[in-house]
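When a residue number appears, it is its place in the shown sequence, counting from 1.
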Amino acid sequence: MNWFVSLWTNDSVAHSVLLYAITIAIGVLLGRVKLFGVSLGITWVLFVGIILSHFGFVVNKEVEHFVKEFGLILFVYTVGLQVGPGFFSSLRKQGLAFNMLAVGVVLLGVLVTIALHYITGNPMHIMAGVMSGAVTNTPGLGAAQEALRSIFGADAGARAAELNLGYAVAYPFGVIGIILVMILLQKLTGVNLKKEQELYNERRDSSQALSILHVKVENPGLVDQPLGVLFKILKTSFVVSRIYQDDEIITPNKDTIMRQNDVLMIVASKEDFATLELVIGSRSNTDLTQKPSNLVSRRIVVTQSDIANKPVRELVQKISGYYNITRVNRAGIEFIATGNTTLQIGDIVTVVGREESVLNFASLLGNSLKRLDHPEIAPIFFGIVLGVILGSIPIVIPGIPAPVKVGLAGGPLIIALIISRFGGRFHLATYVTHSANLMLREIGIVLFLASVGLSSGERFVEILSKGDGLMWMLYGAIITAVPLIIMGFISKLVFKKSFFETCGLMAGASTDPPALAFASHMAGCDAPAVTYATVYPLTMILRILCAQFLILIFS
């Protein structure tokens, strides 16, 4: 039995793997339990880790640090891959409002921290540690440590130790506090999660999704003109998929001549319908999709690596015939394909035309779902390499004693966002099946949570047993909750953002992956992740700068 005892007590690879596996397994099982109708989900992994480490079950510090950072990188990178296309769309349309709200959360947290510093008389290095833990921002803690060393040099040791203790005490409630604020906001505003999801989908569809418009050619200036004239006149993005002409439905091209009272079937954003009607003519009640014709519509999946990353113009030249590409769906985002659009593996292309032509084009694109069952691993790790490099670049800002870095969370997230949206232009395969993405994401977040728990519990009770420890936890709870409650209500009631978007905002403004995981599980859609990614980069930089400023100004 000595081997069994040593397995639990000796520092070894088997010992570390065993503790991580038990922590994650028990935490995930407890996450399924609901108390008063509320479940904390995988956040339980953190608390199981704290309990185990309190009773002496700890892992090697170097192992713990590596697993924590690698888990966080996996989580944020896969989130970036998922929400990249939607992120850039959101950034153009709502990014400013979301980032303003996130800045409000950060600045309110700093003001609350300064107020508690003066009210309680606690040194600012302790309060900076408490603030970093309260918003679960490890890079901010590192920045505060650097600022302390730049001021006090070799004498910074004692202050740095207190800084770390403040962070350790505030961190657990920082994780759970954000989730509790989300639950509180839901209860106080009377949000019905199912209806909220339906409302969000309706809003997203009306603002982003493409729709069909049937319009009659009534503008005399367009009669007897080629269809290409429309694309020169109108700067909006649209495609004419069919034309009803001389009692026949045809698949047009840019040289097709328009005639009086022709009915055009146009695929475009609803926002552009009014402009299209103004230029072309009145809306028609004739639905060309319901009229008999020799045209078919097919959704074709791009699975052929040889044609991926090539422009649509080049692909169309390879297959002659009567067909049109009406839209492309990439990671849930639909858009009009132009001649310069490059298709990527996993894109779903809607093609309308004669069946023989459509089938030939489908053969060109691949349309074999079996090929997508084997995700490209190399591009994922290549992206992580670029993310780690970006996150490690020191950014020198005048007046700041230590260089600023976006860190191992910010760098991979930014690179994933860029690659998922623009990777095709650089011949990078960015497609990852939803199940593979979800698996990597869940593995990453549970490894991160388990590492934080296993590293926090060893001195957790000891710190709390001291009088200051409980007070520091209270201060951290105030710093966590007050800004989120205020800005959460402003987001929901003043800016009229959906509850799920507000949850993503709160998680992103707190740079808190566990809160994002909770919000995404609760929402059942990508709304929290898109908002999280929208505000995360700016928030991370502000958190780092604010932690340093507090030390430099008030120490």
Smallest separation among heavy atoms of A134 and A170, with atom names:
N-CB, 3.7 Å

For L542 against V103, the heavy-atom pair lying closest together
CD1-CG2, 3.6 Å

In Å, rounded to the nearest 0.5 Å, how long is the span from OG1 of T480 to CG of L180?
10.0 Å

What is the minimum heavy-atom distance between G174 and D512, and which atoms define it?
O-OD2, 3.9 Å

Heavy-atom closest contact (T539 atom, V535 atom, distance):
OG1-O, 2.8 Å

Any chance you could measure L454, atom CG, to I51, atom CD1, to the nearest 0.5 Å?
11.0 Å

Measure the shortest side-chain to side-chain distance between W44 and T23 over non-hydrogen atoms and say whether it is less than 4.5 angstrom.
no

Would you say L213 and L276 make side-chain contact, with heavy atoms under 4.5 Å?
yes

Atom pair CG/CD1 of L111 and I479 - distance to nearest 0.5 Å:
11.5 Å

Could you tell me the separation between the CG atom of L516 and the CD1 atom of I445, rounded to the nearest 0.5 Å?
8.0 Å

Return the orientation label for the F70 and F66 ring planes: parallel under 30°, perpendicular over 60°, tilted otherwise.
parallel

Can you list the steps and then say if I490 with F495 is a side-chain contact (heavy atoms from CB on, under 4.5 Å)?
CA-CA 6 Å; I490 291 176; F495 285 81; 3.8 Å; yes

Any luck finding a side-chain donor-acceptor pair between Y20 and S451 under 3.5 Å?
yes

Heavy-atom distance under 4.5 Å between the side chains of Q186 and M522, does that happen here?
yes

Using the rule given for side-chain contact (heavy atoms from CB on, under 4.5 Å), can you reason through V106 versus R543, listing the C-alpha separation, both sets of side-chain angles and the distance that settles it, and then say yes or no?
CA-CA 7 Å; V106 175; R543 291 289 185 196; 3.8 Å; yes

Between I486 and L108 the two heavy atoms that sit nearest each other are CG2-CD1, 4.0 Å

Look up atom CD1 in I114 and atom CZ in F549, then write down how far apart they are to the nearest 0.5 Å.
11.5 Å

Cation-pi check, K497 to F98: give yes when NZ or CZ is under 6.0 Å from the six-membered ring centre and within 45° of the ring axis, no otherwise.
yes

Do V328 and I348 come within less than 4.5 Å of each other through their side chains, counting heavy atoms only?
no

Exercise: identify the closest heavy-atom pair between L505 and A102:
CD1-N, 3.7 Å

side-chain contact (heavy atoms from CB on, under 4.5 Å) evaluation trace for V112 with Y475:
CA-CA 9 Å; V112 171; Y475 303 152; over 6 Å; no

Non-hydrogen side-chain atoms of N122 and W472 separated by less than 4.5 Å:
yes

Please assess M506 against V105 for the test side-chain contact (heavy atoms from CB on, under 4.5 Å), listing each intermediate value before the final yes or no.
CA-CA 8 Å; M506 291 192 289; V105 173; 5.9 Å; no

Angle class for the F554/H117 ring planes (parallel below 30°, perpendicular above 60°, tilted otherwise)?
perpendicular

Looking at side-chain heavy atoms only, is the closest gap between T531 and T502 below 4.5 Å?
no

Between T511 and G508 (side chain of the first, backbone of the second, donor and acceptor by atom type, cut-off under 3.5 Å), is there such a pair?
no

I'd like to know if the side chain of S269 and the backbone of D272 have a donor-acceptor N/O pair within less than 3.5 Å.
no

Hey, what do you get for CG (L101) to OG1 (T534), rounding to the nearest 0.5 Å?
12.0 Å

Please examine the side chains of I178 and S510, heavy atoms only from C-beta on, and report whether any two atoms are closer than 4.5 Å.
yes

Heavy atoms, side chains only, cut-off 4.5 Å: are F47 and L30 in contact?
no

